[in-house]
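Throughout, numbering of the chain's residues begins at 1 and tracks the sequence. Fair warning: this is a prediction, and the values are worked out from it, not measured in the lab.
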Amino acid sequence: MTSVLALYRNHDALMNMSSNQQPTLILRRLSVDEYVLPKIHTKKIKRVNSERKPFSVNPFPKLGTGHGVYVFENQYFRYEGEWVKGKKHGFGKLLLKDGTYYEGQFNQGEITGTGFKFFSETKCKYKGQFLKGEMHGRGIMEFPDSSEYEGNFVHNRKNGYGVMRTPLTQYDGGYQGNMRHGEGRMVYAPMRYDKTSNGDRYEGYWVADKRHGPGVLHCADGSIFDGNFDNDEFHGHGLYRHISGVIYDGMWLKGFPAKMASKLHIVVENTPMVIRQGTPFTITVQCLNDENDVVGDEGREIQITAGFKYYQPSKGSALFDMIEDVEDKPIDTPFGYQVVHYPLTNQEQENDGPSEEDEEQELSQSQTQLDLKEDEDENQNNKEEEIKEGEDGEKLAENEKQDDEKEDGVDNSGGGVEEPDEIPNNTTTETESVPLPPPVPNCRSEEGVCVWNEVYLAPAPPMYRPFVAMEEAENDKKSSSRGKPAINKDDRRSSIVSEQRRQTIHDPGKTYTATKSNSILDKMRRQKEKALEEKYAKTGEYVLMVHDVTNPPFLGRTIEPAFLLLKLKRPEAKKRAKKEGKKWDTSQHIRRSMVATEGLED
């Protein structure tokens, strides 16, 4: 009996035979037992799946251990590397579909150990330690703008000590939650054209990426702040040494001193301040805040200058043609007019005022009287002053004319002609121009106060334009009001003094002699006044100006200037010391009288 398997084995051979050669198959019914095939015993291989249910492109390595390439079911992850018992373990590369990839160590299916990760979205690169897929431990993160962080990470965040380098800054210190926190040092790149960096250096404490707490800021310009910070601003007690020389040690509020100087104040008892020719004076200036309290900062640079009223030259004058060459621009003052600079110096000047013994005491008295008269005139209305000047001018012109006739030797009273005596040599003055003295140096404040000692108003420079313009304006004004030539102020004073001297002479026989003597004294006085103007400033009203010239300005602020009126007068006449004669002794006189009486009786 041929089995079923035998039939199957001979099936091919039978199909190849011809019909004549094929044997006749006799089929018969098989028993039930003969239908049961023998049982085939095979060893069942258990398929091991990974923790992510992978789908195998290439067969798993035998027993899930070895090297293999695997694409996960979601088609997003692809792993190529070492496997151990169906888990990624050892060195491998995990590639994400968006381009992000990790290459490094795996442990029991997790990214743990040292490796390299590239972030396709941010283009950042990290090389360092990982723990369960997160950056954790020591590592280096490179950013696409060439910035780099080298330090400690905790759960993908900068935490602990680290060094952050950027194109503009370098920070080394503590971090917490990706922000600077704790003690650290920040160095800023040098000043850039776009002001994104200033070259400063800070060493101190940080909170939430901002300077907070005690620290020291070294500015690029040389300024240093040593004190407390709050939210990146000076706040609390601190010492600031500014590059300009200003030093402030005290409390700060929101980046500025609690007491900030805002204006200057000139300490003076009375205004206007009266000074004398050739006599030094002292100026004290205070730095005040809005509450008029003295601010005790140190080293603020204060400049003191003087000015004289600016007169606009009239068109057609020689001074108007030269006005284009004037570099000194007029300065606004709170007194209703502008001024231009006038020389102020602290160089000592010789005092040769009208109080020398060889001068007439009457001349000093007349000068004092003229000063008093000028003070009275200044308090009157301008209109009344112009009328009075016109009336006095006509009278003074007549007196001057008479004085000139007598000086030429003409005596209308019939006294004859006589040549006047020569003027003494000691009244001659130099005509050479004197160089301008050095200006008053700037002063540095000490506890908010500046003091200048031995200050003088210097003589006016040659052709000082305000004086020239003023004289032109006065002459035009007087000429138009009277219709007569203007009279010089010096000539007016000369006539007044001559008139005063003539009134003191009561003897008609001595009229010519007195007039001649007065003429000589007038010439001496004029020459003396001319010498005084060459050596001292011209009498009148000046303006003292005080400015804050701290450079660069302290914290970018320049405090408001101060102005003071100065009234310059002639030197005070010194009183002559009286010669002490022989004292009268009454008792001795009585004794002598008694002796003389007794002698007569005898």
Side-chain angles (χ1 to χ4, degrees), residues 37-166 171-172 174-181:
L37 296 175
K39 188 177 181 180
I40 301 175
H41 297 281
T42 59
K43 185 177 180 181
K44 185 177 180 180
I45 300 176
K46 185 178 180 181
R47 189 181 184 97
V48 180
N49 296 327
S50 70
E51 71 282 358
R52 297 183 184 275
K53 297 180 180 180
F55 171 77
S56 178
V57 175
N58 297 325
F60 257 120
K62 189 176 182 181
L63 298 179
T65 299
H67 186 276
V69 178
Y70 223 76
V71 177
F72 293 81
E73 290 179 351
N74 56 12
Q75 303 290 316
Y76 191 79
F77 299 95
R78 181 180 185 275
Y79 174 76
E80 179 181 356
E82 297 179 354
W83 297 78
V84 173
K85 295 182 180 181
K87 293 184 178 180
K88 300 182 290 294
H89 190 89
F91 187 85
K93 182 176 181 180
L94 180 63
L95 178 65
L96 280 67
K97 198 170 184 177
D98 64 352
T100 301
Y101 69 90
Y102 167 79
E103 186 175 3
Q105 294 179 346
F106 289 82
N107 188 353
Q108 297 297 320
E110 296 289 347
I111 299 175
T112 299
T114 303
F116 174 82
K117 187 173 183 179
F118 172 76
F119 301 85
S120 61
E121 183 177 355
T122 60
K123 308 301 180 184
C124 295
K125 300 176 183 178
Y126 173 79
K127 181 180 181 181
Q129 296 176 336
F130 289 84
L131 178 63
K132 292 184 178 181
E134 295 180 335
M135 297 179 292
H136 191 91
R138 195 74 180 171
I140 300 176
M141 174 72 80
E142 297 180 0
F143 299 88
D145 61 350
S146 72
S147 299
E148 179 184 270
Y149 171 78
E150 180 179 359
N152 199 58
F153 286 84
V154 174
H155 300 301
N156 285 334
R157 294 175 177 270
K158 297 188 284 288
N159 200 90
Y161 179 80
V163 179
M164 182 71 184
R165 303 179 183 90
T166 70
Y171 171 82
D172 57 288
Y175 276 90
Q176 183 176 344
N178 260 351
M179 292 187 291
R180 296 182 288 268
H181 189 90

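Residues T100 and S120 share a closest heavy-atom pair of OG1-OG, 3.0 Å. For the residue pair F130 and I111, the shortest heavy atom distance occurs at CB-O, 3.8 Å. The minimum heavy-atom distance linking G109 with K87 is given by the pair N-CB, 4.1 Å. Among all heavy-atom pairs drawn from H89 and N107, the shortest one is CE1-OD1, 3.1 Å. Taking every heavy atom of both residues into account, K85 and T65 meet most closely at N-OG1, 2.9 Å.
For the pair E134 (side chain) and N156 (backbone), a donor-acceptor distance under 3.5 Å is absent. Although no hydrogens or angles enter the test, the distance criterion places a donor-acceptor pair under 3.5 Å between the side chain of H136 and the main chain of H155.
Taking the six-membered ring where the residue is Trp, Y126 and F153 present perpendicular rings, their angle passing 60° and hence far from 30°.
Here the CG atom belonging to N159 is positioned 8.5 Å from the CG atom belonging to N178, to the nearest 0.5 angstrom. In this structure, CD in E103 is found 14.0 Å from NZ in K117, a value given to the nearest 0.5 Å. Here Q105 contributes atom CD and E82 contributes atom CD; the two are 10.0 Å apart, rounded to the nearest 0.5 Å. For the atom pair K125 NZ and I140 CD1, the distance stands at 13.0 Å (nearest 0.5 Å). Interatomic distance, K123 NZ to D145 CG, rounded to the nearest 0.5 Å: 14.5 Å. A distance of 11.5 Å separates CD of Q108 from NZ of K132, quoted to the nearest 0.5 Å.
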> Going through the checks in order, is the side-chain contact (heavy atoms from CB on, under 4.5 Å) test met by H67 and E80?
Replying inline: CA-CA 7 Å; H67 186 276; E80 179 181 356; 3.9 Å; yes
> Does the pair F77 and L96 meet the rule for a side-chain contact (heavy atoms from CB on, under 4.5 Å), with working shown?
Replying inline: CA-CA 5 Å; F77 299 95; L96 280 67; 3.9 Å; yes
>> Please evaluate residues Y102 and K93 with respect to the criterion side-chain contact (heavy atoms from CB on, under 4.5 Å), reporting the C-alpha separation (whole Å), side-chain torsions for both, the decisive distance (0.1 Å), and the verdict.
In response: CA-CA 6 Å; Y102 167 79; K93 182 176 181 180; over 6 Å; no
> Does the side-chain contact (heavy atoms from CB on, under 4.5 Å) test come out yes or no for R180 and Y175, once each step is laid out?
Replying inline: CA-CA 4 Å; R180 296 182 288 268; Y175 276 90; 4.0 Å; yes
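Using a 4.5 Å heavy-atom threshold, the side chains of T122 and F143 count as separate.
The one candidate from T112, V84, L94 that meets the side-chain contact (heavy atoms from CB on, under 4.5 Å) condition with F106 is L94.
Figure legend: cation-pi geometry between K158 and Y149, with NZ or CZ positioned under 6.0 Å from the six-membered ring centre and within 45° of its axis.
Comment: R165 engages E148 in a salt bridge, judged by a side-chain N to carboxylate O separation of less than 4.0 angstrom.
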